[in-house]
Amino acid sequence: MKKMGFYPEDIIKEVQNAADIVAVVSEYVSLKKQGENYKGLCPFHDEKTPSFSVNGEKQLFYCFGCGAGGNVFNFVMKKENLSFPEAVRYLADKFNVRLPHDMNQEFSEEFRTKREYFSINRLAAKYYNYCLLHTSEGKNAINYLKKRGIRDETIEKFCIGYAPKSWDSLIKFYKSKGISAEALEKIGLAIPRKDKKGFYDRFRNRIIFPIEDITRNIIGFGGRALDESLPKYLNSPETPLFSKGDNLYALSKIKKDPSLDVIIVEGYMDCIMLHQHGFENTVASLGTALTKNQAKLLKKYTNSVILSYDGDTAGEAATVRGMEVLAQEGLYVKVLALPEDKDPDEIVSIYGPDYFRGLLNNAEDLINYKLTLAKKGININNSEEKLKFIEQAIEILSAVDSEPELEIYARKLASEIGISAGSIIKEAKEKRKKSAQAMPRAGSRESLTGSNNFVLSKAPAISGVHKAERKLLKFMLESDNRMWKNLGEKIEPRFFTNKNTKKIAEIIFEMVNKNQEVNASDIFNYLDEEEGAELSAILLENLISDDKEIINSLVVKIKQGYLKKAISQVRREIKEAEMLGQREEINSLLNTYQQLKTEMNGLKTYTNPGKEGA
C-alpha cells in the first residue's frame, strides 16, 4: 500500500483517533451542523456560499466547490503545507500523542525550524508570565494591571506577562536552555547591537501580550511600555511565524458562530477588558489597517462584525476603510459610535457592560455610518452645502443593490433633508447604472465566475468505464465486506484502467486480504493529492443497489474496458513488430491477442441497458 511514511500503522491510527476532524477543521472554519454533516466556507478557495462539508462519523471532509477532500491528515497537509509525516507529528503535538523521537530526519528543514520557533515562543510566554507573577520587578507591572482593572483569571486566560528592564534577561534565560540569541533574533525576540557585538532583548520593561494564531500556536508578542518609552505599544516584527496583516489578536479565543457578531477593536487592553466583561467575541487588529486576509479569517468565524475604533478623524477614516474591506468579503458590517475621547476599555470600566451593550445595539451599518460622516459639519439650511451633501449621499446609496434597502435609506434621508425619496432612489439607480457600464460585459472572461467566486472551468469528461469503476468502488466502501468478498474471484485491481481508481482498488483489496476493516478515512493515508480527490469524488457518488445483477454488470463493464485497452495496445505492438520484421515477437503478440479476444468474447453481456450503472 505504501505512502504512510516511516511511522508504524498503529501509531498513525492512534494519532488519527485522537485528532477528531471536526475539532481540527473548526480551528480554521466556522462549522454549522446540518443533518449528519457540518457545513462551512471552504478554506481552500474563495466562496460566498458554503460548499465545504465535514462528516464526523466517517472522519472525512470534502468540498463540492473545488473538489478537495480527505481525512484529518489530508486537511492539515493542505492547510499548513506539510508532508504526511509532518502532518502526523503536527497533530501528535497538538493532541499529546507520544511519537518516537528519532525520526526527525524525515521532516523538512522548514517544518523542523517552524516547530523549534513555536517552542521558543511558547517558552518565552511562560518566562514573561513568570516574571510578572513571581518576581519583585514584576510587582509594578501587576500593580499597573490591577489599576486598569485586570483580574487574575484574565491574566491567566491571556497569559499576560512582563519583560524585565534588563537589556538581556531573556537572552540569558535562553542561553541557560542552550538556545542562541541568533535564534531569538529570527523570531523577533532579540535585536543585534549596532556594533554587531552581541544582541539585546526587544521587549524591556513592558507588559507582554502573547499573540496566538488560530491553532493556538504563539506566533508573536505585543508589549505595552510601563515608562515613557516609545512606541507605547510595540509588536513583534514580521517573522517566518508572524505577519500583522494576516492575524488578529484573540481570534483563537472567540466562538465560531455565524449568528454572533464579532467586535473589532484597536488595542490589546480594549480587547482584554471586553472579554473580561462578557464580550468574549472580541478581537483586536494589531495596530494596522484591516486587510483582506484578516477579513477572510473573520468570514470563517461569523457573518457580521462591529467595528469599534477611535472617534477622531483618523479613526473615522480607518473605520470606513476597514468597513469597506470587510464588506467586500461578504460580511455585514456595523460601527459602534463611542462617546468622544473614550475607548471601549474606558467605556466598559466606567459605565459598565450594560451601557456598552446598549451602544452595540445602536451600532450603525456601513451605509448609515457613511451618510453620518458625509453630513458632519454640513449646514442643511445652506443650499450649496445641502446640494454637496446630496451628491455625496447619492454616491453612497448607489452601492445599495437591494431595492427594499435602498427605499429604507432613501425615506430616512428624505425626511432629514426635505426632498422626495423617489428622486433620491432615481438618482441612486442612475449612478449605479453608469458604474455598471464600466464593469466587464457579460460573457467576458472577467464575468465568468461562479456563485462561489472562482473562475469556472469545464470539468474533464468521465468515460463510462471510469464511472463504472467509481460505482463499484463506492459499493465496496459503503457495503458490508461480506457482501462483496466473492468479487475477488471475478475482478482484480489490475482491471481498473484509471490510475487513481486502480490505486484505491489496490488498497481496498489489500485491506481485505489482511482482514482489516475497509475504512475510507484510512485509505486517504495511502493516496497522493490527485488520488485523494478521486476518492472524495467517489464518496460523493450515490450508493448503488446491492443487486447482484447490477454489481456483476459493473464488473463486466470494467473488464471490457480493460480488455479493449489491452487489445488496442497489442495491436499497436504487432504493427511495430511487423515494421521491424520481428517474427518471434509477432507470433508471441498474436497469441496474446487471441487470448485477450477469447477472454472478451467469454464475458457475459447484459441486454438490459443501464444495468452497468454507467
Side-chain angles (χ1 to χ4, degrees), residues 1 3-5 7-44 50-80 82-97 99 214-215 256 300 470 473-481 500 503-504 507-508 510-512 514 516-541 543:
M1 284 189 281
K3 153 75 167 57
M4 275 197 176
Y7 287 118
E9 287 189 24
D10 59 334
I11 289 179
I12 289 173
K13 196 68 180 170
E14 184 182 356
V15 175
Q16 196 167 352
N17 289 336
D20 176 62
I21 193 167
V22 176
V24 173
V25 174
S26 291
E27 293 186 345
Y28 302 85
V29 181
S30 175
L31 295 175
K32 189 175 183 180
K33 191 87 161 66
Q34 286 186 11
E36 64 176 11
N37 295 325
Y38 293 83
K39 296 291 182 70
L41 294 172
C42 180
F44 304 121
S51 61
F52 184 80
S53 181
V54 181
N55 187 299
E57 183 181 348
K58 296 177 182 177
Q59 288 294 293
L60 297 170
F61 76 91
Y62 44 84
C63 175
F64 293 92
C66 67
N71 61 14
V72 69
F73 296 126
N74 301 114
F75 182 85
V76 169
M77 288 164 66
K78 196 168 176 66
K79 197 73 190 78
E80 297 291 337
L82 304 177
S83 67
F84 183 81
E86 290 168 351
V88 174
R89 171 65 72 178
Y90 178 92
L91 289 169
D93 289 345
K94 193 173 193 61
F95 289 92
N96 300 313
V97 177
L99 293 180
I214 57 175
T215 60
K256 297 181 181 71
K300 298 182 190 304
R470 280 185 170 184
L473 289 174
K474 174 73 172 183
F475 172 70
M476 291 177 176
L477 290 166
E478 300 288 333
S479 302
D480 190 317
N481 290 6
N500 295 325
K503 179 61 179 289
I504 296 164
I507 296 167
I508 291 174
E510 190 169 341
M511 284 179 162
V512 172
K514 289 182 177 179
Q516 294 178 357
E517 181 186 358
V518 177
N519 188 315
S521 182
D522 293 337
I523 293 173
F524 276 104
N525 294 336
Y526 302 95
L527 306 176
D528 61 25
E529 188 171 353
E530 185 181 337
E531 294 159 352
E534 180 75 22
L535 181 53
S536 295
I538 290 168
L539 293 170
L540 295 177
E541 296 268 353
L543 180 61

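Please read these numbers as outputs of a predicted model, since none were measured by experiment.
- At a cut-off of 3.5 Å, with distance as the only test, no side-chain donor of Asn74 or Glu529 sits close to an acceptor on the other residue.
- Phe61 CZ to Ser521 OG: the interatomic distance, rounded to the nearest 0.5 Å, is 10.5 Å.
- Leu91 approaches Phe73 most closely through the heavy-atom pair CD1-CD2, 3.6 Å.
- A side chain to side chain contact (heavy atoms under 4.5 Å, CB included) with Phe524 holds for exactly one of Asn519, Leu535, Val72, Ile507; it is Leu535.
- Shown here is Lys32, whose NZ atom has no more than 12 heavy atoms of other residues, nucleotides or ligands within 6.0 Å.
- In this structure the side chain of Asn71 reaches within 4.5 angstrom of the side chain of Gln16, judged on heavy atoms.
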(request) Check step by step if ring-ring contact (aromatic ring centres under 6.0 Å, His included) holds for Phe75 and Phe44. (result) CA-CA 10 Å; Phe75 182 85; Phe44 304 121; 5.5 Å; yes
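- With Lys503 contributing its side chain and Leu527 its backbone, the two residues share no donor-acceptor pair below 3.5 Å.
- No donor-acceptor pair closer than 3.5 Å links the side chain of Glu80 to the backbone N or O of Met77.
- Comment: Lys94 engages Glu27 in a salt bridge, judged by a side-chain N to carboxylate O separation of less than 4.0 angstrom.
- Proximity of Met476 to Met511: side-chain heavy atoms (C-beta onward) are nowhere separated by under 4.5 Å.
- We find that Glu478 and Lys58 are joined by a salt bridge, their nearest charged nitrogen and carboxylate oxygen being less than 4.0 Å apart.
- Contact annotation: the side chain of Glu534 approaches that of Arg470 to within less than 4.5 Å [non-hydrogen atoms, C-beta and beyond].
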